[in-house]
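What follows is a single structure, written as structure tokens, with notes after it.
Just follow the structure's listing: the first ligand is 1, and inside any ligand the first atom is 1.
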Amino acid sequence: DGRWLCQYKGFWCPVRCFRPIVSSERHFDARDTDILLASMPKSGTTWLKALVFSIINRNNYSIDQTPLLTSNPHALVPFLEFNVYWGNDNPDLDTIPNPRIFSTHMPYELLPNTILESKCRAVYICRNPLDQFISHRHFLIENKIEKDAEPLDIDEAFEMFCKGIHPFGPFWDHMMGYWHSSLNNSRKVLFLKYEDLKEDIVFSVKKIAEFIGFHLSEEEEKQGLIEQISRLCSFENLKNLEVNKLGKNRVIQNSSYFRKGEVGDWTNYLSPSMAERIEELMQMKLRGSGAISQANVILSTS
Ligand code: A3P
């Protein structure tokens, strides 16, 4: 059921995000030093927020005193589109010191012009579409986010997903927008995969730090800082913090951002033929874009 989604410039946006998206498109004033964390929902946004916050603030707080121990990562790194919308409740964007970090689910094509024109950088995290679909389904049901819409049964929801009707979908278009921009301008967009972070977090932390201009020195590496940051931001650590077990923002339980944190959980819910269908769909959508190998890499966990 797509009632709680509206199509805007080819993408399916949750109705409640429509005004914030348009508002940020029109009014957001990017700075060259801004860092944007972009993703489809349920692709590792929370993890990326924790990592980037920790990398940037490593000289401001020690690992045992970081605000991450007492705040959900979403409170420390607000969503650009919601921040603009919530306006008065949130800090004045102009008063936030550099480097400002925001996250967004907006497709690349819908990003405010000032983001595209400035030198600010974006880190995109992508996840296997089948795991993303399952993770999103749990999140939706657990939080009863869309009050008027009864969750569809899994086959119907999957059908919608295959038609591209999914928050911020179509999945393939969202992914391709950032993928192409990372190819065209590797200084503007860093394209990451959830699965790669799971496989080698130390390498990923170094890569992220380098990209956002917060290179980790040899000295810091020797001190084991990368491992410390990785452990601090690990699923097990964040999930078990009091704030993430019990805390809540206005609509969402913090705990629902930490479910299983695994690669391949889709196999517990979707049939091999459903997986095949997505694989074929992705191949078809990406054909001619020169990104087939990328699709294969993304689907390689399937
Ligand atoms: P699952 O539902 O598959 O467990 P987002 O942060 O974009 O909303 O994505 C949420 C997904 O990332 C959930 O996936 C969640 O468990 C997982 N996740 C959250 N924090 C994580 C972390 N530190 N490491 C790995 N996965 C994490």
>> If I take atom NZ from residue K42 and atom CZ from residue R137, how far apart are they, to the nearest 0.5 angstrom?
In response: 14.5 Å
>> Working to the nearest 0.5 angstrom, can you tell me the gap between T114 OG1 and D32 CG?
In response: 10.5 Å
> Evaluating non-hydrogen atoms only, which member of Y194, F235, Y257 is closest to atom 26 (N) of ligand 1?
Replying inline: Y194
> To which protein heavy atom is atom 6 (O) of ligand 1 closest, and what is the distance rounded to 0.1 Å?
Replying inline: T46 OG1, 2.4 Å
> Tell me, which protein residue and heavy-atom name are nearest atom 22 (C) of ligand 1, and how many Å apart are they?
Replying inline: W47 CG, 3.4 Å
Is the [X]-[Y] ring centre distance short of 6.0 angstrom?
X: Y178; Y: F191; value: no
X: H105; Y: F11; value: no
X: H136; Y: F168; value: no

State whether the shortest distance between N or O atoms of [X] and N or O atoms of ligand 1 falls below 3.5 angstrom.
X: K42; answer: yes
X: G44; answer: yes
X: C233; answer: yes
X: M40; answer: no
X: S135; answer: yes
X: E262; answer: no

>> Can a donor-acceptor pair be found, under 3.5 Å and without considering hydrogens, that links the side chain of T66 to the backbone of I63?
In response: no
> Closest heavy-atom contact between F82 and P20?
Replying inline: N-CB, 4.4 Å
> Does S39 come within less than 4.0 Å of ligand 1, judged by its heavy atoms?
Replying inline: no
>> Please confirm whether R127 approaches ligand 1 to less than 4.0 Å, judged on its heavy atoms.
In response: yes
> How does A50 reach ligand 1, if at all, at less than 4.0 Å between non-hydrogen atoms: by side chain, backbone, both, or neither?
Replying inline: neither
> Quick one: does ligand 1 sit under 4.0 Å from the side chain of S43, the backbone, both or neither, non-hydrogen atoms only?
Replying inline: backbone
>> Within ligand 1, which atoms have a heavy atom of F258 less than 4.0 Å away?
In response: 16 (O), 19 (C), 20 (N)
> How are the rings of F235 and F258 set to each other: parallel, tilted or perpendicular (split at 30° and 60°)?
Replying inline: tilted
